[in-house]
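Only one structure is covered here, and it is reproduced in the block below.
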Amino acid sequence: MERTMTIIALVWLIAVCGFSTTSAEESSKAHSLDDGLVRTPPMGWYPWNQFGQEPQNEQLIKEIADALVNSGMRDVGYSFVGPDEGICFYRDSNNGLVTNQKRYPSGLRGLGDYIHKKGLKYALYTDAGTLTCSKAMPGTKGYEFEDMKQFAKWRCDYVKIDWCNTEGQDIIKTYTKLHDAQHAAGRPIVHSLCSWGEGEPWKWAASVGHLWRTTGDICGPGRADWELAVTIAFENEKLYKWAGPGYWNDPDMLVVGMAGLSESQNRSLFSLWCMMASPLIAGNDLRNMSASTIQILTNIEAIGVNQDPLGIQGHIVRSAGNVSIWAGKPLYDGSQAVLVFNQQSSPADVRIEWSDIGIDKKDALYVRNLWTHKTSGPHTDGISVPVDANDVVMLRISKTNKFPLPPIIVADSYLVSLRATDTTAQSLSATITISNKGSDDLPLWKVHKELPGWLTVTVSKNGNKQTLTNTISTSGLKKGLYHAIVRADNTEPVSGKPMSAVYYDVELEVPGTK
Ligand code: GLA
């Protein structure tokens with residue numbers, strides 16, 4: 001087959017040039033939340049892209065949570081899961097939020113417990129206005145503090161806050177109030193702002209949230225739209241200076257694996273989201289995935305680029321015709337990620353010259369292909385890369401032939417549940433185990449000191465697994481339910497930068513004496 005030759009010389013904008021910032025950007029970053037949440041882009045699943053509002057219910061979410069585990073997705077970092085706009089709660093006559101028991105018979109707290117026991121984290125959905133988009137559920141307007149308290153009681157870890165039915169509301173004040181309300185409720189919750197770019201949240205939302213939608217919806221429920229997804233990626237790309245650890249541009253949930261896309265289109269979109277350090281929130285039906293979709297969504301080498309602890313959003317450094325080269329994404333080990341995206345209906349050959357990328361042409365560099373998982377080199381001068389039609393080549397380029405994976409943290413459970421027999425003094429204990437799926441060993445997790453008197457947590461290490469033993473002494477405790485949130489921190493081993501904190505719930509029931 002004849003190959004159309006497109007020769008592109010890559011101009012590598014080295015990190016220093018690519019990240020000069022204006023004062024507004026500096027101030028947005030200076031005020032980013034420092035709560036240890038999602039210091040790498042959040043990963044998980046939300047129902048909207050595939051299902052829309054129907055048939056969202058407890059059974060669907062539980063089946064998806066099971067599929068996250070069984071498909072291996074949990075073990076490469078996907079963790080947040082829960083309902084989007086489905087009819088999951090009402091506002092009752094006392095103005096409190098109550099579960100729609102018809103759809104969620106275990107209650108929204110019961111669903112959260114199920115998710116936490118699977119080693120996953122619990123995501124919910126609400127709206128900043130009077131009603132959600134379809135007007136099927138109440139929004140938070142006027143009840144911000146009460147609603148955030150209820151979300152905390154449901155043990156929610158992540159909330160997507162939509163911007164429908166907000167006529168007359170000031171966007172900055174509204175999302176600030178919601179952040180303050182969440183803070184007052186005392187539970188660390190990732191705030192995902194969803195104003196589709198309205199109000200330019202990248203300029204101010206780092207101080208009140210962790211990620212913000214930069215564009216409109218990526219598809220209508222049930223079917224992916226390739227042209228729209230690519231347009232959204234290119235819109236989001238322009239905002240690369242505004243993202244970093246704990247504050248992310250969100251070009252919407254993934255459409256990978258949905259009807260309407262070829263395998264190469266799935267691979268291309270996934271790679272673009274990885275290069276842009278975008279949240280990896282899958283949107284397909286995880287219960288029915290082809291082998292190819294699973295292989296794309298769980299490509300840990302691509303995910304390693306997305307989850308890099310430096311948290312830098314890559315961007316286009318050169319494009320010609322329908323071929324673009326994305327770089328400006330230095331990684332924690334000193335390597336660089338590079339993506340070549342060919343939107344042509346014919347293959348392209350792309351030449352990357354070392355001299356174009358600020359590296360001495362005599363330097364011998366190793367090149368790792370993150371989709372074929374093959375390393376070549378050392379190459380001096382540069383490298384030529386053939387790229388198929390509507391496809392990508394995703395690379396890591398390094399002075400060494402080692403391509404370590406950054407830490408990818410997976411817990412066996414985020415819920416410790418204990419029950420004493422009665423109020424006599426007794427010691428109970430339960431563990432959670434945290435694994436690191438990255439290449440480098442991690443130091444011991446450090447447990448934050450603010451624990452109640454009845455709880456002690458000790459940490460032990462066995463290879464890449466660490467066990468947090470929670471010991472409870474019921475001595476002096478009265479009958480009742482006790483709850484604590486444990487926060488453990490670590491540092492990423494090479495750069496020494498902080499990692500996303502691990503939070504989990506410890507609950508204790510002390511029944512009365514018989
Ligand atoms: C908006 C959001 C979508 C989805 C729907 C629910 O359109 O952008 O992601 O949450 O609302 O109605």
Side-chain angles (χ1 to χ4, degrees), residues 41-57 60-61 64 78 80-91 97 100 103-104 108 122-141 147 151 156-167 169 171 174-175 178 189-202 205 209-225 228-229 231-233 235-236 239 248-258 260 269 273 278-286:
M43 297 174 68
W45 181 89
Y46 256 125
W48 189 259
N49 285 359
Q50 179 66 40
F51 297 103
Q53 206 168 66
E54 302 293 350
Q56 285 190 51
N57 56 35
L60 173 74
I61 305 296
I64 295 287
Y78 294 84
F80 297 104
V81 57
D84 196 289
E85 188 187 11
I87 310 171
C88 34
F89 51 74
Y90 300 115
R91 197 173 294 292
L97 295 182
N100 174 0
R103 288 189 185 219
Y104 294 88
L108 287 174
Y122 190 23
L124 287 169
Y125 165 95
T126 189
D127 188 282
T130 48
L131 290 164
T132 55
C133 297
S134 74
K135 308 199 169 162
M137 282 162 60
T140 50
K141 189 181 176 212
D147 287 4
F151 277 75
C156 166
D157 304 302
Y158 179 112
V159 63
K160 171 174 169 182
I161 311 178
D162 226 330
W163 186 243
C164 286
N165 304 305
T166 52
E167 292 70 25
Q169 286 178 234
I171 191 165
T174 302
Y175 279 113
L178 282 159
I189 297 183
V190 175
H191 272 218
S192 161
L193 281 61
C194 184
S195 71
W196 328 286
E198 206 176 305
E200 301 186 310
W202 47 90
H210 303 89
L211 61 152
W212 43 82
R213 283 277 297 280
T214 54
T215 63
D217 287 7
I218 196 165
C219 65
R223 191 169 180 85
D225 178 337
L228 181 56
T231 304
I232 279 180
E235 272 180 51
N236 187 71
L239 303 170
W248 308 105
N249 289 317
D250 176 8
D252 206 357
M253 299 164 288
L254 292 163
V255 286
V256 172
M258 289 177 59
L269 293 174
W273 262 238
S278 301
L280 297 180
I281 309 292
N284 57 316
D285 186 349
L286 305 186

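Note that ligands are numbered from 1 as they come in the structure, with each ligand's atoms numbered from 1 the same way. One-based numbering along the sequence shown.
- Using a 4.5 Å cut-off on side-chain heavy atoms (C-beta onward), Cys133 and Tyr125 make contact.
- Judged purely by atom type and a 3.5 angstrom limit, Tyr175 uses its side chain to pair as donor or acceptor with the backbone of Ile161.
- The main-chain N or O of Phe80 is never found under 3.5 Å from a side-chain atom of Asp157 such that the two would form a donor-acceptor pair.
- For Asp127, the salt bridge (Lys or Arg N to Asp or Glu O under 4.0 Å) criterion is met by no residue, not counting sequence neighbours.
- Side-chain atoms of Asn100 and Met137, non-hydrogen and from C-beta on, never get closer than 4.5 Å to each other.
- In this structure, the side chain of Trp273 engages the main chain of Asp252 through a donor-acceptor pair within 3.5 Å.
- The residues lining ligand 1, counting any heavy atom closer than 4.0 Å, are Trp48, Asp84, Glu85, Tyr125, Cys133, Lys160, Asp162, Cys194, Trp196, Arg213, Asp217, Met253.
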